*Asks:* 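Starting off with a structure, shown below.
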Amino acid sequence: MELRAHLPQNIVGLGNRSRMARYNAKESEKKWQEAWSRSGAFLTPADSVRPKYYVLEMFPYPSGRIHIGHVRNYTMGDVIARFKRAQGFNVLHPMGWDAFGLPADNAAREKGVTPHEWTYANIAAMREQLKLMGLSIDWSREFATCDPAYYRHEQKLFLDFHREGLVYRSEADVNWDPVDETVLANEQVIEGRGWRSGAAVERRKLSQWFFKITAFSDELLAALDGLERWPEKVRLMQKNWIGRSEGLRFSFAVSNGKKIDVFSTRQDTLFGASFLALSPDHPLTEELAAKDPALARFVAECRRVGTAEEAIEKAEKLGFDTGLRADHPFDAGWKLPVYVANFVLMAYGTGAIFGCPAHDQRDLEFARKYKLPVLPVVVPEGADPKTFEIGDEAYVGPGRLANSRFLDGMTVEQAKDEVAKRLENTGAKRTVNYRLRDWLVSRQRPWGCPIPMVHCPKCGVVPAKESDLPIKLPDDLSFNVKGNPLAAHPTWKHTTCPKCGGEAVRETDTLDTFVDSSWYFARFCDTTAEQPVNRAAVDYWLPVDQYIGGIEHAILHLLYARFVMRAMKQAGYLKVAEPFAGLFTQGMVCHETYKDAHGNWLSPDDVEKRSGQALRKGTGEPVAIGPSEKMSKSKKNVVAPEEIIDIFGADTIRWFMLSDTPPERDIEWTDEGAEGCWRFVQRIWRLVSEAQGLPPPGAPVAAVEGAALALRRAAHRAVAAVTDDLASLRFNRAVAQIYAFANAISGAGPDVPGAVRRETLETLVLLIGPMMPHLAESCWESLGRRQFVAATPWPAADAALVAADTLTVAVQVNGKLRGTITLPAGADDAVAQATALAHDNVAKALAGKKPRRVIVVPNRIVNIVL
RNA sequence: GGCCCCGUGGCGGAACCGGUAGACGCAACGGACUUAAAAUCCGUAGUUCCGAAAGGGACGUGACCGUUCGACUCGGUCCGGGGCCA
């Protein structure tokens with residue numbers, strides 16, 4: 001890192017006479033971290049009369065080192081935790097490890113360590129790094145999801161959910177990730193690719209374990225409206241993902257004597273139907289394919305594409321005419337061809353549709369390809385049905401029915417209702433359909449929570465006995481095998497049937513790691529509970545009051561956790577259904593990118609900047625500066641948090657993470673910005689440590705006027721503003737307020753009484769406390785205070801001092817600023833008007849004329865209209 | 001294609017209910033201190049025009065239009081960037 005090179009010398013200890021005054025972040029931070037730890041300052045009392053506040057950051061995967069994104073995330077959470085503690089809340093702020101998952105498995109294969117060793121070594125390293133940040137975490141509650149003491153409870157929950165009918169095993173078409181060699185849930189397939197590996201997902205028919213998340217489809221959707229402290233964007237994404245649609249389920253009689261059930265949300269367009277289409281996975285398709293090799297080949301072709309909607313959506317629409325003909329429900333003489341089509345999903349609705357090409361884009365593409373009729377039956381208001389034509393785009397907007405016999409002239413809504421009414425006599429049903437699919441939770445990987453089920457040749461699939469929990473992973477897995485090492489283990493899977501006592505084998509699939517992270521926040525409420533959760537503790541602490549993490553979990557983790565809470569509620573473990581009352585999604589940390597003349601990425605360590613020019617260190621070759629992008633190894637634009645902490649200290653990096661950029665946006669890391677933060681740390685320290693002639697702590701502040709009063713007003717205004725900004729997570733504004741306040745202190749003259757200067761400095765120290773906690777403690781100590789800032793109440797703003805006594809009011813003529821006047825607060829309109837009219841520039845503009853109108857907004861503005 | 005978010009100095013951004021646009025920070029420039037540098041302190045700074053200066057004028061929040069005494073803020077149309085869904 002180039003930082004160290006061009007920093008002032010005395011930062012690394014070679015200072016001059018002012019060296020004594022320098023704030024030594026390294027020593028100070030170590031000192032206070034130890035002092036906090038010794039005194040148990042951040043342990044959470046078991047119960048309290050104070051109101052509770054649960055603040056949580058998404059727990060990290062133990063990759064081995066903290067990333068700068070973690071620093072931003074945990075800094076924000078820590079500011080909230082310290083702020084709420086100072087405000088008198090009983091705060092729970094825990095930390096743990098999302099410790100199961102593929103990287104450990106891969107490390108085991110590549111490095112010959114066990115996943116267990118690799119993971120716990122990483123945890124130890126990361127814990128040390130996190131502790132350097134000075135986070136106010138209750139470390140006594142730490143756990144890793146790979147601890148048997150945690151996953152035994154997850155196994156218990158699995159058995160409970162099974163008992164509750166929320167777990168089932170089923171053979172289904174599933175997403176297979178060929179690189180990670182495991183199945184994936186729908187949520188984990190992004191644009192047809194595995195969320196971790198990025199490999200194109202294949203479709204396989206396998207027997208897998210599912211959580212019945214669809215049992216809560218309606219509730220998960222409806223409850224989104226109540227999540228007022230969630231970003232609108234996340235709620236919308238979940239809403240779209242759940243995808244509720246109302247429609248009609250009805251059937252077509254087919255020429256072979258069978259019936260085909262379809263689901264449609266557009267039954268109003270039934271007279272525009274030109275074909276029926278079956279999913280390649282439809283039972284009727286399978287039946288037909290058994291006798292028709294051409295159809296069988298077509299089905300096999302379709303299956304090559306994954307089950308992801310995106311993949312199917314983008315693929316060319318293909319169909320196979322079965323030769324069957326279906327009767328139109330309103331006209332048995334009207335025959336529709338029955339196709340098998342690749343874009344019809346078995347999992348959505350009934351796996352069969354009627355195609356109305358004029359009003360559905362996919363149907364239109366299909367009809368054009370196979371030369372089927374395209375008849376518009378809904379025309380926009382004002383258009384002539386005789387001339388209205390469909391080109392390359394289906395018409396999906398509102399309008400009136402046409403070419404539809406008894407429906408003609410109706411609106412879309414009226415027609416939907418009419419069709420439903422008429423078909424209900426013949427067995428049609430109005431139904432609600434969801435896009436959400438059940439959650440596939442089994443994985444063919446060894447480093448996960450074993451699914452506590454047993455396969456018995458006599459009794460079938462049987463739940464393990466609770467007394468056998470935890471079903472522990474073996475510690476002697478061999479990774480030089482094809483497939484799942486857990487399944488290949490010579491002895492582990494052999495057991496006895498819990499029902500009949502005969503020989504049986506364990507399930508060798510493990511649970512999706514998203515199951516682990518779907519209830520850890522509940523476990524934090526009492527990590528010693530004998531049951532998965534302690535009822536009293538979860539009733540007290542949940543929901544999490546403020547949850548903070550990345551937007552990338554908008555659907556996956558945040559939807560799964562909402563489901564698992566509901567499942568736990570159903571199983572009788574807790575009373576709340578929503579895990580996170582407040583959600584904040586923070587932006588990423590970015591950095592400029594650098595490339596040499598050959599187009600190779602360069603690390604910031606290899607680049608030095610001189611007067612705006614970037615040069616390669618050592619060689620002096622020119623370096624091209626690219627846009628600021630998310631830090632990534634591939635682009636080499638990463639900075640290591642531990643190096644920054646080593647150079648500047650934790651308070652500086654914390655302050656940087658909170659400054660300037662609003663927390664929900666992406667922030668750009670710059671060395672200059674970090675140096676600016678470090679300068680401010682030093683400046684605060686100087687203001688406090690060099691203050692002379694202060695009275696002892698607790699001295700009363702007498703009534704003052706002039707500069708001293710102005711300074712007190714600045715202090716109280718800062719308290720009011722920072723309190724407000726922290727409460728609403730506007731950290732960048734709080735930072736700006738504190739800078740302005742520090743400027744006011746620096747600018748105050750020497751005649752300000754000592755008591756006022758003490759009051760003001762103490763206020764400053766308390767305000768920075770949540771953001772730069774070590775510096776605050778050192779300053780507090782320097783001011784002669786004995787208690788921790790971390791144990792000191794938040795300052796209160798005196799309303800009388802926050803309100804100004806005189807105000808600068810703008811004077812406009814015809815809406816343009818012509819000057820300002822100073823008025824006492826609350827001056828009445830007549831005074832304001834008279835003062836404004838007397839202003840030189842106004843008099844000049846008036847030139848003796850009488851204004852037509854004068855608008856006075858008290859304490860703000862006077863506008864004179866000519 | 002639909003829906004949503006965003007667009008303000010060289011840069012990050014502030015401006016809360018429509019009421020002095022550019023707070024605060026970064027970068028820059030000038031000065032003080034110093035043998036010199038670092039650090040620190042003081043000061044300048046949206047663009048442009050008039051003026052020797054003190055001062056003053058015009059323009060200015062992606063573009064245009066509208067509502068209003070007054071618009072970064074509200075409404076409409078468009079342009080550009082991003083996200084989600086298709």
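By convention in this document, chain letters (A, B, ...) are assigned in the order of the sequence lines, proteins followed by strands, and residues within each chain are numbered from 1. All of these numbers come straight from a predicted model, not from anything done at the bench.
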*Asks:* Using whole Å, report how far CZ of A:R730 lies from C1' of B:rG13.
*Replies:*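 Rounded to whole Å, this separation is 14 Å.
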*Asks:* Could you list, one pair per line, each protein nitrogen or oxygen that sits under 3.5 Å from a nitrogen or oxygen of nucleotides 7-9 of chain B, together with the distance?
*Replies:*
none

*Asks:* Roughly how many Å apart are B:rG46 and B:rG9, using the P atom of each and rounding to a whole number?
*Replies:* 13 Å
*Asks:* Rounding to the closest angstrom, what is the interatomic distance between B:rA45 and B:rG10 at atom P?
*Replies:*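 Straight-line distance between the two P atoms is 16 Å.
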*Asks:* Would A:R730 and A:S728 count as having a side-chain donor-acceptor pair, cut-off 3.5 Å?
*Replies:*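 Yes - a donor-acceptor pair under 3.5 Å links their side chains.
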*Asks:* From CH2 of A:W685 over to P of B:rU40, roughly how many Å is that when rounded to an integer?
*Replies:* 17 Å
*Asks:* Between B:rG19 atom P and A:L823 atom CG, what is the distance in whole Å?
*Replies:* 19 Å
*Asks:* For the residue pair A:R562 and A:Q238, confirm or rule out a side-chain donor-acceptor distance under 3.5 Å.
*Replies:*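 Checked: A:R562/A:Q238 side chains pair up, N/O donor to acceptor below 3.5 Å.
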*Asks:* Can you run through RNA chain B from 5' to 3' and write each base as (, ), [, ], | or . depending on how it pairs? Watson-Crick or G-U wobble, both distances under 3.5 Å.
*Replies:* (((((((..(((......[....))).(((((.......))))).(((((....)))))..(((((..]....)))))))))))).
*Asks:* Please output the side-chain donor-acceptor pairs of residues 855-866 of chain A that fall under 3.5 Å, not counting sequence neighbours, one pair per line with the distance.
*Replies:*
residue: A:N859; atom: OD1; partner: A:G826; partner atom: N; Å: 3.0
residue: A:N863; atom: OD1; partner: A:G815; partner atom: N; Å: 3.0

*Asks:* In terms of side-chain heavy atoms, does A:T822 have a donor or acceptor partner in A:T808 at a distance below 3.5 Å?
*Replies:* no
*Asks:* Keeping to residues at least two apart or across chains, list the salt bridge (charged side-chain N to carboxylate O under 4.0 Å, His left out) pairs with something in residues 231-246 of chain A.
*Replies:*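 Matches after skipping sequence neighbours: A:D218-A:R244, A:E232-A:R235, A:R244-A:E246.
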*Asks:* Can you tell me the distance, in whole Å, between the CZ atom of A:R860 and the P atom of B:rC17?
*Replies:*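 A:R860 atom CZ is separated from B:rC17 atom P by 11 Å.
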*Asks:* Atom pairs, N/O to N/O, protein against nucleotides 25-29 of chain B, distance under 3.5 Å?
*Replies:*
residue: B:rC26; atom: OP1; partner: A:R679; partner atom: NH2; Å: 3.0
residue: B:rA27; atom: OP2; partner: A:R679; partner atom: NH2; Å: 3.2

*Asks:* Pull out every protein N or O sitting under 3.5 Å from an N or O of nucleotides 55-60 of chain B, one pair per line with the distance.
*Replies:*
residue: B:rA58; atom: OP1; partner: A:R818; partner atom: NH2; Å: 3.4
residue: B:rC59; atom: OP2; partner: A:K816; partner atom: NZ; Å: 2.9

*Asks:* Between A:K416 and A:E413, does any NZ, NE, NH1 or NH2 come within less than 4.0 Å of an OD or OE carboxylate oxygen?
*Replies:* yes
*Asks:* What integer number of Å spans the P atoms of B:rG7 and B:rG56?
*Replies:* 33 Å
*Asks:* Taking atom C1' in both B:rA53 and B:rG75, what distance in whole Å separates the two?
*Replies:* 48 Å
*Asks:* When the P atoms of B:rG30 and B:rA38 are considered, how many whole Å apart are they?
*Replies:* 13 Å
*Asks:* Reading nucleotides 64-74 of chain B from the 5' end, what letters show protein touch, with B for base, S for backbone sugar-phosphate only, - for no heavy atom under 4.0 Å?
*Replies:* -----BS----
*Asks:* Would A:R435 count as a cation-pi partner of A:W241, with NZ or CZ less than 6.0 Å from the six-membered ring centre and within 45° of the ring normal?
*Replies:*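 Yes, A:R435 and A:W241 form such a contact.
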*Asks:* In whole angstrom, give the distance that lies between atom CZ of A:R235 and atom C1' of B:rC84.
*Replies:*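 Rounding to the nearest Å, CZ of A:R235 and C1' of B:rC84 are 15 Å apart.
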*Asks:* Checking A:N743 against A:R683: is there a side-chain donor and acceptor pair closer than 3.5 Å?
*Replies:* yes
*Asks:* For the residue pair A:H557 and A:F580, categorise the inter-ring angle as parallel (less than 30°), tilted (30 to 60°) or perpendicular (more than 60°).
*Replies:* tilted
*Asks:* Quote, to the nearest angstrom, the P distance that separates B:rG31 from B:rA37.
*Replies:* 12 Å
*Asks:* Could you check how far CG of A:L807 sits from P of B:rG19, rounded to whole Å?
*Replies:* 15 Å
*Asks:* Who pairs with A:Y434 by ring-ring contact (aromatic ring centres under 6.0 Å, His included), at least two apart in sequence or on another chain?
*Replies:*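 Partners of A:Y434 under the ring-ring contact (aromatic ring centres under 6.0 Å, His included) test: none.
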*Asks:* Which value, in whole Å, describes the distance between the C1' atoms of nucleotides B:rG25 and B:rG19?
*Replies:* 27 Å
*Asks:* Does A:R435 have a side-chain nitrogen or oxygen under 4.0 Å from the phosphate oxygens OP1 or OP2 of B:rA86?
*Replies:* yes
*Asks:* Under 4.0 angstrom, heavy atoms only, what part of the nucleic acid is A:D724 near: base, sugar-phosphate, or nothing?
*Replies:*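 Contact class for A:D724: none.
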*Asks:* From B:rA14, B:rC24, B:rU20, pick the nucleotide closest to the side chain of A:A736?
*Replies:* B:rC24
*Asks:* Does any pair with a residue in residues 648-660 of chain A pass side chain to side chain donor-acceptor pair (under 3.5 Å), and if so which ones, sequence neighbours excluded?
*Replies:* A:D78-A:R654, A:D651-A:H774, A:W655-A:Y739
*Asks:* What is the distance, rounded to the nearest whole Å, between atom CG of A:D666 and atom C1' of B:rG83?
*Replies:*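 To the nearest whole Å, that distance equals 12 Å.
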*Asks:* Not counting sequence neighbours, which residues clear ring-ring contact (aromatic ring centres under 6.0 Å, His included) with A:F83? List them please.
*Replies:* A:W794
*Asks:* The criterion is ring-ring contact (aromatic ring centres under 6.0 Å, His included); which residues satisfy it with A:H839, sequence neighbours excluded?
*Replies:*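 By the ring-ring contact (aromatic ring centres under 6.0 Å, His included) rule, A:H839 matches no residue at all.
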*Asks:* Taking atom C1' in both B:rU8 and B:rA21, compute the distance separating them and give it to the nearest angstrom.
*Replies:* 8 Å
*Asks:* For A:F656 and A:W669, I'd like to know if the aromatic rings sit close, meaning centre-to-centre distance below 6.0 Å.
*Replies:*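 Close enough - the centres of the two rings lie under 6.0 Å apart.
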*Asks:* Could you give the CG-to-P distance, from A:L556 to B:rC84, as a whole number of Å?
*Replies:*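 In whole Å, B:rC84 P and A:L556 CG are 12 Å from each other.
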*Asks:* So does A:N732 get a side-chain nitrogen or oxygen closer than 4.0 Å to the phosphate oxygens (OP1/OP2) of B:rA14?
*Replies:* yes
*Asks:* Name all residues meeting the side-chain contact (heavy atoms from CB on, under 4.5 Å) criterion together with A:T265; count only those two or more places apart in sequence or in a different chain, and write none if there are none.
*Replies:*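 side-chain contact (heavy atoms from CB on, under 4.5 Å) check on A:T265 returns A:S245, A:F263.
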